[in-house]
Amino acid sequence: MSSEIAFQRCIIPACAATFSVGESLTACRQCGSLLDVVYDWARVPVPKSLAEFEKKWATRRNPLHFSGVWRFKELLNFAPDELVLTIGEGQTLLRSEPEVARYVGLKNVHLQYEGLNPTGSFKDNGMTAGFTHARLVGAQKVACASTGNTSSSLAAFAAASASLDGAQKLEALVFVGSGRIAMGKLAQGLDYGARTIQIVGHFDDAMARVKEVSKSLGIYLLNSVNPFRLEGQKAIMFRVLEMLNWQVPDWIVVPGGNLGNSSAFGKAFCELKELGLIKSLPRLAVINAAGANTLHRLFNERQLRWNGGQYDRAVVDAFYKEMGAEHREANTVASAIEINRPVNLTKCLRSLDWLNGVVTQVDDQEILDAKAIVGRGGIGCEPASAASVAGTKKLVAAGTIGKSDRVVCIITGHQLKAANTTVGYHSLHGEELEHEFRDFGVKRNPFANKPIQVKNDLDDILRVLGGLSHESWDV
Ligand code: F0G
């Protein structure tokens with residue numbers, strides 16, 4: 001056991017090796033497993049009730065109190081205040097959405113809209129914590145592999161690091177797959193000045209290369225294998241609770257890609273319970289895209305479970321071996337979660353165990369239909385985010401989620417990230433639609449809001465607006 005109030009520890013109980021927070025690690029040096037940031041709670045001053053955190057909002061001129069992550073600093077207390085790098089992340093909203101509730105078959109449903117973050121996705125929650133740790137260990141260069149949101153967020157934080165008094169600007173290096181990155185995301189990274197390496201291949205290839213490059217060049221890695229990133233993502237759950245007046249919902253439903261969120265959410269709730277700040281735990285539902293369904297297949301078809309940390313590694317190895325032999329590659333319109341080998345698989349299994357979780361998959365048609373329904377409520381999201389709504393619909397229909405359960409769907413990213421997909425869904429039909437989405441099997445757009453083509457002529461415009469006559473047009 002370390003003598004620090006915060007330290008890093010291997011997630012596998014049989015190993016439980018500990019390391020200082022002053023070290024930059026993405027895996028246990030003893031056994032290679034993932035690491036947690038853990039706290040000696042007896043020595044961390046934590047408020048006696050969650051409602052006490054509300055007071056910080058009154059002093060929001062302090063950037064640490066404005067931040068929707070650092071307002072909860074006592075629950076991620078691994079660095080001194082002066083090292084914190086914040087860009088105003090986490091001013092997000094929990095909205096009750098009647099149209100979505102009707103669509104999924106629930107009395108009520110809440111959407112936690114993480115698209116409101118400064119770079120338009122939930123990643124900013126984790127990146128503020130990751131950069132704070134990078135500064136703690138004196139990093140000068142930071143890197144990640146990404147399907148586009150992590151890289152946008154990393155690039156923005158690196159750019160902002162220059163504005164700190166006397167602080168040296170961190171240099172940003174991002175690796176993205178050449179084919180599938182959404183335009184909005186690529187644009188962000190370029191605009192924020194990140195050195196961008198587009199490699200021919202998928203996210204998994206980019207991930208493998210960035211790990212090698214970071215190791216050989218001594219660059220600080222900011223993917224979600226970095227345990228400090230996930231500390232920041234815990235705050236999404238703190239804010240959900242805050243908006244529910246500190247009542248624990250029945251379900252948290254989240255899209256699953258690299259499985260960082262699901263890992264962080266489980267840890268957040270278990271820590272709150274351990275601290276006596278909540279009495280019950282929600283259930284967790286992780287939703288895979290059917291075209292990138294490693295977790296679904298391992299959990300539901302091969303019954304892979306956390307099993308107190310003694311999960312069956314042979315099952316995972318065999319699955320990946322088959323995947324390689326059959327050249328199976330992830331393929332989904334939800335490019336953010338187009339991932340074959342989720343890096344936080346084991347932590348996610350642990351969360352599913354802690355939170356009595358379930359996993360399901362939804363196809364790309366279900367994803368784009370759900371996305372259009374989310375949009376109708378005035379909350380635009382990118383395709384991956386809509387997996388949480390499509391998954392909720394499926395789990396309600398299956399009776400897994402009860403009709404009067406209190407459900408929170410995490411809307412992970414903003415609509416404008418992948419605007420071309422949205423425009424394609426709404427404006428095309430028939431063969432054109434099928435052609436546009438030919439790789440993903442999307443053939444219908446029942447919730448389309450088609451733009452109306454009309455000549456530049458008032459009579460024509462009035463005709464399409466319902467046959468209004470010239471005389472009744474009050475100008
Ligand atoms: N939703 C969006 C919009 C994402 O960008 C991601 C992940 C996820 C869901 C999945 O979250 O990894 O915590 O399970 N995007 C990563 C990236 C992979 O590189 O931007 P997860």
Side-chain angles (χ1 to χ4, degrees), residues 112-117 119-127 130 143-156 174-177 180-182 184-186 188-189 194 196 202-207 210 221-226 229-230 232-234 236-237 252-268 284-289 292-296 330 332-345 347-349 351-352 359 362 367 371 374 380-391 409-418 421:
Q112 173 68 13
Y113 188 30
E114 290 300 311
L116 286 180
N117 272 291
T119 74
S121 88
F122 74 91
K123 302 285 180 183
D124 296 344
N125 292 282
M127 216 44 88
C144 71
S146 184
T147 55
N149 279 327
T150 303
S151 48
S152 301
S153 183
L154 178 145
V174 305
F175 282 61
V176 295
R180 290 283 169 78
I181 183 167
K185 302 177 187 182
L186 182 60
Q188 284 180 288
T196 303
H202 269 76
F203 169 82
D204 302 82
D205 304 307
M207 188 70 226
V210 80
L221 188 63
L222 272 162
N223 279 98
S224 54
V225 284
N226 178 326
R229 263 220 20 217
L230 297 190
Q233 286 170 222
K234 293 191 305 190
I236 302 169
M237 292 300 103
I252 300 289
V253 187
V254 65
N258 258 330
L259 307 176
N261 269 334
S262 44
S263 300
F265 297 172
K267 186 170 187 282
L284 176 70
V286 183
I287 317 299
N288 268 168
N293 61 357
T294 296
L295 178 69
H296 163 74
T332 167
V333 74
S335 62
I337 51 176
E338 194 179 64
I339 291 169
N340 292 301
R341 297 166 184 251
V343 297
N344 288 298
L345 175 67
K347 274 190 182 174
C348 174
L349 290 174
S351 283
L352 288 164
V359 179
V362 288
I367 286 176
K371 177 180 157 346
V374 173
C381 71
E382 63 172 291
S385 312
S388 58
V389 170
C409 295
I410 311 302
I411 301 297
T412 47
H414 200 279
Q415 171 193 45
L416 296 177
K417 296 273 188 174
T421 305

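Any value given below was found using the heavy atoms of this structure, including those in side chains, with hydrogens, waters and symmetry copies removed. Along the sequence shown, residues carry numbers from 1. Counting convention: from 1, in listed order, for ligands and their atoms alike.
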Contacts of Ser263 that satisfy side chain to side chain donor-acceptor pair (under 3.5 Å) - sequence neighbours left out: none
Residue of the set Ile411, Val253, Val362 for which side-chain contact (heavy atoms from CB on, under 4.5 Å) holds with Val389: Ile411
Stepwise side-chain contact (heavy atoms from CB on, under 4.5 Å) check, Leu284 with Ser262: CA-CA 8 Å; Leu284 176 70; Ser262 44; 4.1 Å; yes
Option among Asn344, Thr150, Asn258 that satisfies the side chain to side chain donor-acceptor pair (under 3.5 Å) test with Ser224: Asn344
Below 3.5 Å only, please: the N or O atoms of ligand 1 paired with protein N or O atoms, distance on each line.
{"unit_1": "ligand 1", "atom_1": "1 (N)", "unit_2": "Thr412", "atom_2": "OG1", "d": "2.7"}
{"unit_1": "ligand 1", "atom_1": "5 (O)", "unit_2": "Asn149", "atom_2": "ND2", "d": "2.8"}
{"unit_1": "ligand 1", "atom_1": "12 (O)", "unit_2": "Asn258", "atom_2": "N", "d": "2.7"}
{"unit_1": "ligand 1", "atom_1": "12 (O)", "unit_2": "Leu259", "atom_2": "N", "d": "3.3"}
{"unit_1": "ligand 1", "atom_1": "13 (O)", "unit_2": "Gly260", "atom_2": "N", "d": "3.0"}
{"unit_1": "ligand 1", "atom_1": "13 (O)", "unit_2": "Asn261", "atom_2": "N", "d": "2.8"}
{"unit_1": "ligand 1", "atom_1": "14 (O)", "unit_2": "Gly257", "atom_2": "N", "d": "2.8"}
{"unit_1": "ligand 1", "atom_1": "14 (O)", "unit_2": "Asn258", "atom_2": "N", "d": "3.3"}
{"unit_1": "ligand 1", "atom_1": "14 (O)", "unit_2": "Leu259", "atom_2": "N", "d": "2.7"}
{"unit_1": "ligand 1", "atom_1": "15 (N)", "unit_2": "Lys123", "atom_2": "NZ", "d": "3.0"}
{"unit_1": "ligand 1", "atom_1": "19 (O)", "unit_2": "Ser146", "atom_2": "OG", "d": "2.7"}
{"unit_1": "ligand 1", "atom_1": "19 (O)", "unit_2": "Thr147", "atom_2": "N", "d": "2.8"}
{"unit_1": "ligand 1", "atom_1": "19 (O)", "unit_2": "Thr147", "atom_2": "OG1", "d": "3.3"}
{"unit_1": "ligand 1", "atom_1": "19 (O)", "unit_2": "Thr150", "atom_2": "OG1", "d": "3.1"}
{"unit_1": "ligand 1", "atom_1": "20 (O)", "unit_2": "Ser146", "atom_2": "OG", "d": "3.3"}
{"unit_1": "ligand 1", "atom_1": "20 (O)", "unit_2": "Thr147", "atom_2": "OG1", "d": "3.4"}
{"unit_1": "ligand 1", "atom_1": "20 (O)", "unit_2": "Asn149", "atom_2": "N", "d": "3.0"}
{"unit_1": "ligand 1", "atom_1": "20 (O)", "unit_2": "Thr150", "atom_2": "N", "d": "2.8"}
{"unit_1": "ligand 1", "atom_1": "20 (O)", "unit_2": "Thr150", "atom_2": "OG1", "d": "3.1"}

With sequence neighbours excluded, residues passing salt bridge (charged side-chain N to carboxylate O under 4.0 Å, His left out) with Lys267: Glu231, Glu271
Pairs where residues 382-391 contributes a residue and the test salt bridge (charged side-chain N to carboxylate O under 4.0 Å, His left out) is met, not counting sequence neighbours: Lys185-Glu382
